[in-house]
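Working notes, beginning with the structure itself.
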Amino acid sequence: MSIRIYNTLGGKKEEFKPIREKKVGMYVCGPTVYDYSHIGHARSVVVFDVIARYLRSQGYEVTYIRNFTDVDDKIIKRANELGVDSLSVSEKFIEAFCKDMDALNVQRPDFEPKVTEYIEEIKAFVEKLIEQGKAYQTDGDVYFSVESFSGYGKLSGRKLEDMEAGARVEIDERKRNPFDFALWKAAKPGEPFWESRWGKGRPGWHIECSAMSNKLLGETFDIHGGGKDLIFPHHENEIAQSEGASDKTFARYWIHNGFVNINQEKMSKSLGNFLMIKDVLKTYHPEAIRVFLLSNHYRSPIDFTDKAMDEAGAALDKIYSLLERAETNIGAQISADAPGDYWRRFCEAMDDDFNTAKGLGIVFEAVRNINRSLDENAEMTPELKKQIGSDGSDILKIGSILGILAESHQTYFGKKKQKAIEEKSVDAAAIERMIQERTEARKSKNWARADEIRKQLEAMNIILEDRHDGTVWKAER
RNA sequence: GGCGGCAUAGCCAAGUGGUAAGGCAGCGGUCUGCAAAACCGCUAUUCUCCGGUUCAAAUCCGGAUGCCGCCUCCA
């Protein structure tokens, strides 16, 4: 079974064939670190995290790279606002980014290159383009000449002639074509700079990805990803530079994820509705965030609402509850191994352009079927135990790709209780005492007292479940 | 102005030629002292609308309407 990927370059699904058998080079554009990361960054990072995990599960040896842009106008601006140097701004937000992504159970890429660590490679790349006559220098700036690259516009489906009518680009007399873009920018007073043949300056925005991917993955690699907004101009320009310099295909498969909207509105500075990951994490379990992000196809827009997040949380509860029930019934811990039918169907969904939404549907089918099996069979026969262990194992294996179900159900529900205790200032010991009293009341068939206690707890957002082996409590969402 | 995407039940959503996954909410039922949880059943004869191709279309083609994104160093 082969994997099919929707390639932005060409605009259709294609069978995925890596350059080297069973090896994949993947480069994803990371953040410009001038602020905390928002939920949109989370989507991009989670989507490509899942893609990397899935490819590895299918036997590919993946070299996954995600860069940090740590020199940039916005970082300099922020540094000036704060009265610190730009390096301390970028370091601070790189650290914050890593903290957020660790919280979201994102696996670290193999390399996380920073622009400031690849200045020599970038200068050499620019030099090469100048030698080839594809870039030119004016004052201390160096520009790439878009007209030197005949394929310019092939990724975004634009033509230079058409775009000139747009008139949204300021005319810079020093550029030969308004769409020429900076490879190297001369330093203004007070800006960070590196010495170069063209004077003191710093890299332009696009060149870093070309230089770093070239160094780490070679002139041609398999997958290049990022948010949809990067298609133009960023990725278009990367192609122009890289293919201009090497005369070879740059990246073979271009994958772009859709945006996250907030209550049907685009996140934007004017609306001031940027939703930071660190803030969302205060309210929702990180795995619920992943479930939410993966419940739509990665290319579609997705709408962040409290309702959608509550549903994602409920979905996660449902899966963990099933795992708890299954382990209790078979009297053993379930581990992710011995792939079965659900896993096979999950892989079919993922093979079709990483359809995580369909994959999650398969998880719920498994959950329902196992629950039914447990409802219908009072006797736990060895065969039944084996079946449930195997199906549960599929769920965990799928979870290991989606990056969910990484906790034990004890930890998961324990944390939920803990959170309820802290946030709603309930007293766990008091709850236990009340439950104890209710249990006594029930034994003596004092239903009125039993119901009264339950009502009291309900008022504290505590829900009771009377099970065969005792009463347990849960915090209402 | 140029380019691209989307439109599936009350809500979210998968489905790219073979007769509508899954989740949430709702209603009815099983279980329960009563609940909760879980399960079962019901809830789109139909996929924005109009044409066309085909034995067959939510799926392909043309058109209409509506919504959205990019063309601004926003993932």
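Any value given below was found using the heavy atoms of this structure, including those in side chains, with hydrogens, waters and symmetry copies removed. Proteins come first, then strands; the chains are lettered A, B, ... in the order of their sequence lines, and each starts at number 1.
- In terms of phosphate contacts, A:Lys228 brings no side-chain nitrogen or oxygen within less than 4.0 Å of OP1 or OP2 of B:rC74.
- In terms of phosphate contacts, A:Asn371 brings a side-chain nitrogen or oxygen within less than 4.0 Å of OP1 or OP2 of B:rC39.
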Please tabulate, one pair per line, all N/O donor-acceptor pairs under 3.5 Å involving side-chain atoms of residues 99-108 of chain A, not counting sequence neighbours.
from, atom 1, to, atom 2, distance (Å)
A:Asp102, OD1, A:Arg108, NE, 3.3
A:Asp102, OD1, A:Arg108, NH2, 3.4
A:Asp102, OD2, A:Arg108, NH2, 2.9
A:Asn105, ND2, A:Gly403, O, 3.0

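- Counting non-hydrogen atoms under 4.0 angstrom, A:Ser321 reaches nothing in the nucleic acid.
- For B:rC68 and B:rG10, the C1' atoms lie 23 Å apart once the distance is rounded to whole Å.
- Under the ring pair (Phe, Tyr, Trp, His ring centres under 6.0 Å) criterion, A:His297 pairs with no residue at all, not counting sequence neighbours.
- Residue-level contact check: A:Leu464 touches the bases, meaning some heavy atom is under 4.0 Å from a base atom.
- Of the possible polar contacts, none joining the A:Asp49 side chain to the A:Val45 backbone as a donor-acceptor pair under 3.5 Å is found.
- Atom CZ in A:Phe304 sits about 15 Å away from atom P in B:rA13, given to the nearest Å.
- Donor-acceptor pairing under 3.5 Å is lacking for the side chains of A:Thr305 and A:Asn263.
- Separation of the C1' atoms belonging to B:rU8 and B:rU48 is 10 Å when rounded to the nearest angstrom.
- Counting non-hydrogen atoms under 4.0 angstrom, A:His38 reaches a base of the nucleic acid.
- Using a 4.0 Å heavy-atom cutoff across all strands shown, A:Leu230 reaches sugar-phosphate atoms only and no base atom.
- Separating the C1' atom of B:rA13 from that of B:rC71 is a span of 30 Å, rounded to the nearest Å.
- For the side chain to side chain donor-acceptor pair (under 3.5 Å) test with A:Tyr320, the passing option among A:His285, A:Glu287, A:His409 is A:Glu287; the others fail.
- Comparing the P positions of B:rA20 and B:rA58 gives a spacing of 9 Å, expressed to the nearest Å.
- Here A:Phe93 pairs with A:Tyr36 under the ring pair (Phe, Tyr, Trp, His ring centres under 6.0 Å) rule; sequence neighbours left out.
- Shown here are the salt bridge (charged side-chain N to carboxylate O under 4.0 Å, His left out) partners of A:Lys415, two or more places apart in sequence or in another chain: A:Glu407.
- An OP1 or OP2 oxygen of B:rC12 is reached within less than 4.0 angstrom by no side-chain nitrogen or oxygen of A:Asn296.
- One cannot find a donor-acceptor pair under 3.5 Å joining the base of B:rC68 and the side-chain atoms of A:Lys266.
- Residues that satisfy the salt bridge (charged side-chain N to carboxylate O under 4.0 Å, His left out) test with A:Lys154, not counting sequence neighbours, are A:Glu243.
- Here, B:rG5 and B:rG63 have their P atoms 14 Å apart, quoted to the whole Å.
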Exercise. What one-letter contact string describes nucleotides 18-34 of chain B from 5' to 3', where B marks a base within less than 4.0 Å of any protein heavy atom, S marks contact via sugar-phosphate atoms alone, and - marks no contact?
Worked result: ---BSBS--------BB
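- Residue A:Phe259 is classed as a base contact, given a heavy-atom separation below 4.0 Å to a base.
- Nucleic acid contact for A:Gly227: sugar-phosphate only, since backbone atoms but no base atoms lie under 4.0 Å from a heavy atom of the residue.
- Applying the Watson-Crick and G-U wobble criteria (two distances, each under 3.5 Å), B:rA58 pairs with nothing in any strand.
- Contact annotation for A:Gly258: base contact, defined as any heavy-atom pair under 4.0 Å involving a base atom.
- For the C1' atom pair drawn from B:rA25 and B:rC11, the interatomic distance equals 7 Å after rounding to whole Å.
- Note on ring orientation: taking the six-membered ring where Trp is involved, the planes of A:His235 and A:His224 are perpendicular (angle over 60°, cut-offs 30° and 60°).
- Contacts of A:Val363 with the nucleic acid, taken as non-hydrogen atoms under 4.0 Å apart, are absent.
- With both pairing distances under 3.5 Å, B:rC47 is matched to nothing as a Watson-Crick or G-U wobble pair.
- Comparing B:rG18 with B:rA35, their P atoms sit 46 Å apart, to the nearest whole Å.
- Going from the C1' atom of B:rG23 to that of B:rG15 covers 15 Å, rounded to whole Å.
- Within 4.0 Å (heavy atoms only), A:Arg158 reaches at least one base atom of the nucleic acid.
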